[in-house]
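Shown next, in structure tokens, is the structure this report addresses.
Letters A, B, ... mirror the listed sequences (proteins, then strands); counts begin at 1.
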Amino acid sequence: MAKPPRPPESEPELMVRARALAGRRVGELATELGATCPPDLRRAKGFVGGLVERALGADAASRALPDFSRLGIELKTLPVDGRGKPVESTFVCTIPLTEVAVLEWGSSPVYRKLRRVLWVPVEGDRALAPAARRFGEPLLWSPDTQEEADLRFDWEELAGIIGRGDVETVTGHLGRCLQVRPKAANSRARRRGTDRDGASVDVLPRGFYLRATFTAQLLCAHFVLPSSARGVGGA
DNA sequence: GATTGATCATGT
DNA sequence: ACATGATCAATC
């Protein structure tokens, strides 16, 4: 692998780097970084995400910090179709099953992860070889008033159910913008949880994910109009 | 066609 | 083991 850039020291510096990706292809970037593009992502699901981390100078690699630790910004690549619409949900965080009952929205891992996110759209059509996929225009995003209210609503519903010890009743159907789905090596994986009586039980690990409908809406809204023109904050 | 549940690779 | 990065593929 070649030249890992310094972490960006400011948001503008990060955005200059991120915008420079727009219109370029995954394969070119891989070549520059000395990486080899896989023929498909079946056995390399995090390949594009890792590539962009390195290209932009993310420094948190596998630590419990935002990708750009100094700036407090999380990086998410977002696979989109030919019209710019997300084709996959977005993983947010694993669910701390034994703690969720005690967490408030403001102290929740969902809130912390989503406070500030750099979205980097990338073509995600499976018919396109990974190397041929182009990057889109990045969006540095924080939830606006309505988005945060929506996220909070779902968090309270889902965390409430899990906090009561009913994680096994939660399916991916619940939640308007957030959902709960498995997050594990396989369906036999187990991690410590709490049942309805407060007893310790081993359950399938799960994570919070953003629905594609939610990321579609946020891309559209924040690209089409700047937040100041949408009456954010109550106008 | 959209969605849910299952799964893959890598690093600490 | 569990965190990071996600997409695959069966099913609705």
Checklist outcome for this item: Between CZ of R176(A) and P of dT4(B) the distance, given in whole Å, is 14 Å
Item to check | Nearest-angstrom distance from the residue atom CZ of R188(A) to C1' of dC2(C) | outcome: 17 Å
Item to check | Whole-Å gap separating C1' (dT4(C)) and CZ (F68(A)) | outcome: 14 Å
Item to check | V170(A) to R206(A) - nearest heavy-atom pair and separation | outcome: O-NH1, 3.4 Å
Checklist entry - Under the ring-ring contact (aromatic ring centres under 6.0 Å, His included) test, which residues partner Y111(A), sequence neighbours left out? => result W105(A)
Checklist outcome for this item: N186(A) CG to dC2(C) P, in whole Å, measures 13 Å
Checklist entry - Between G207(A) and F91(A), which heavy-atom pair has the shortest distance, and what is it? => result CA-CE1, 4.1 Å
Checklist entry - Just to confirm, is there a sub-4.0 Å distance from OP1 or OP2 of dA3(C) to any side-chain nitrogen or oxygen of R191(A)? => result yes
Item to check | Base-contact (B) and sugar-phosphate-only (S) positions in nucleotides 5-12 of chain C, heavy-atom cut-off under 4.0 Å, - elsewhere | outcome: BBBBB---
Item to check | Rounded distance (Å) that lies between atom C1' of dT3(B) and atom CG of L210(A) | outcome: 15 Å
Item to check | Beyond-backbone contact of L139(A) with L118(A), side-chain heavy atoms, under 4.5 angstrom | outcome: no
Next on the checklist: Is there a side-chain contact between T171(A) and the phosphate of dT4(B), meaning an N or O under 4.0 Å from OP1 or OP2?
Outcome noted: no
Checklist entry - Roughly, in whole Å, what's the span from CZ in R192(A) to C1' in dA3(C)? => result 19 Å
Item to check | Position toward the 5' end of DNA chain B (nearest nucleotide), T213(A) or A185(A) | outcome: T213(A)
Next on the checklist: So which atom in E9(A) and which in R6(A) form the shortest heavy-atom distance, rounded to 0.1 Å?
Outcome noted: OE2-NH1, 3.3 Å
Checklist entry - Does C177(A) offer a backbone N or O that forms a donor-acceptor pair with the side chain of D154(A) under 3.5 Å? => result yes
Checklist entry - OP1, OP2 of dT7(B) versus side-chain N and O of S187(A): anything below 4.0 Å? => result yes
Item to check | D202(A)/R192(A) salt bridge by N-O under 4.0 Å criterion | outcome: yes
Item to check | Presence of Q179(A) side-chain N/O under 4.0 Å of dT3(B) phosphate oxygens OP1/OP2 | outcome: no
Checklist entry - D59(A) CG to dT12(B) C1': how many Å, rounded? => result 16 Å
